[in-house]
K.L.:
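Structure below; questions to follow.
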Amino acid sequence: MKEKKKHTVFVEGPITPAFISAAIARHQDKTEIGAHSIFLGQVRKDILQAQEVVAIEYSAYTEMALEKFTEIREKAFAAFNLVCLHIYHSLGMVKAGEISLFVFVSAKHRKEAIAACEDIVERIKKEVPIWGKEWLTDQQIRWKINS
Amino acid sequence: MKEKKKHTVFVEGPITPAFISAAIARHQDKTEIGAHSIFLGQVRKDILQAQEVVAIEYSAYTEMALEKFTEIREKAFAAFNLVCLHIYHSLGMVKAGEISLFVFVSAKHRKEAIAACEDIVERIKKEVPIWGKEWLTDQQIRWKINS
Amino acid sequence: MMKINLLAFGQIADITGQANWQLQDIMDTDALIQLLYSQYPALKETEFSLAVNKKLIHSNCVLQQEDTVALLPPFSGG
Amino acid sequence: MMKINLLAFGQIADITGQANWQLQDIMDTDALIQLLYSQYPALKETEFSLAVNKKLIHSNCVLQQEDTVALLPPFSGG
């Protein structure tokens, strides 16, 4: 539990490539890092009953979600030898092709970074109260189901 | 073996955050993608006999390395259900804190992207004829050893 | 008179028609669920979990003044 | 007269003092290694692999005109 402060997680709208590169650039003076493992969730243009998903609108039980994200952080720092961990998730509308989840794990060694990143992504999908409403081509909506 | 053409792999000097964000941005019109798994190798300021590593100078047996990268690509597309795969590795000088390896795997689903990325990183470290010469604080050099 | 706060999210809020309301004199979460089922029969066909004061619960839970109970459909973040 | 091309990389090139040269009338890779050991005794203390025409070899390999043999220290990319 190296870091106790509340971390910014929620981003209004899509997470942009420029946001991601700025996050990477901020780690270039942390010269004890040897490996970054990054996961990006991109909104997929799924086809549901002949209709395409054009966007996902994300909502969350924000207070509980932030507690869960803090718990996920603390478990990751306890289980893996990490230098840094940042998690960003979109709220609101994110169009197909845009990014809604950015998990950024940095460690001295690659195996720790990779294993932690995978574990964190699974926990976010299962444990954090966030919902995606899928907007379809014909203006219908459907609630997203995680696999 | 979806893609047969020779792919650019070697980058002269460090791989910049701007290069990475441009690669991510180019995938936003590939709306069949749901997950990107990215690995970044960053030059770590290791301490060797009281001297710090200030940079790594990479060299390669280029022709053989490019064949190996092609083989790694083909095996990854055969083993995992991927949409895209890009690998970039630095040649020449890369300072501590800068990035020398960028593996970028995209798939419909996260599990395939994550598993493929890990496998590819391991293969690159073990199978590709690239060497790192570590430049230390006192101008001494040492050949890097992969763990 | 004991008051609790209710929150509903996602497809559950679509059913309840409100995302944030209050109820009085509910002893525990089992009693709450029975009341909600009678008010919103469609909930019986719908998967959801309960969180009391931001913690998921897995069995009946006694409620106290000003507790916040959230009705949470299956998570689909990421 | 059979000619082969030699390539050396990394710490092996530090020992051989050249990265790219030719040798004549070397039957196979075992004979090549014996010749290199006699010319550069420090190689005996050094771990390296051989690639013939860009393919790693794991046992003795007969050499042919214009084959390229590369002396490869342990890889350390990434």
K.L.:
How many angstroms lie between CD in E118(A) and CD1 in I114(B), if you round to the nearest 0.5 Å?
P.N.:
5.0 Å

K.L.:
I need the minimum non-hydrogen distance between Q42(A) and K30(B), along with the two atoms involved.
P.N.:
NE2-O, 3.4 Å

K.L.:
Checking heavy atoms, do the side chain of K108(A), its backbone, both or neither come under 4.5 Å from chain B?
P.N.:
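Contact with chain B is through both the backbone and side chain of K108(A).
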
K.L.:
Between R110(B) and E122(A) (salt bridge meaning N to carboxylate O under 4.0 Å), is one present in this structure?
P.N.:
yes

K.L.:
Working to the nearest 0.5 angstrom, can you tell me the gap between I24(B) CD1 and F19(A) CZ?
P.N.:
12.0 Å

K.L.:
Heavy-atom cut-off 4.5 Å, strictly under: side chain, backbone, both or neither for I99(A) against chain B?
P.N.:
both

K.L.:
Examine whether an atom of I20(A) lies under 4.5 Å from a heavy atom of chain B, and if so say whether it belongs to the side chain, the backbone or both; otherwise answer neither.
P.N.:
side chain

K.L.:
Sort out for me which of H109(B), K95(B), H36(B), K45(B) touches chain A most, counting heavy-atom pairs under 4.5 Å.
P.N.:
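If we count pairs closer than 4.5 Å to chain A, H36(B) comes out on top.
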
K.L.:
Considering non-hydrogen atoms only, spot the tightest contact between S21(A) and A18(B) and give its length.
P.N.:
CB-N, 4.4 Å

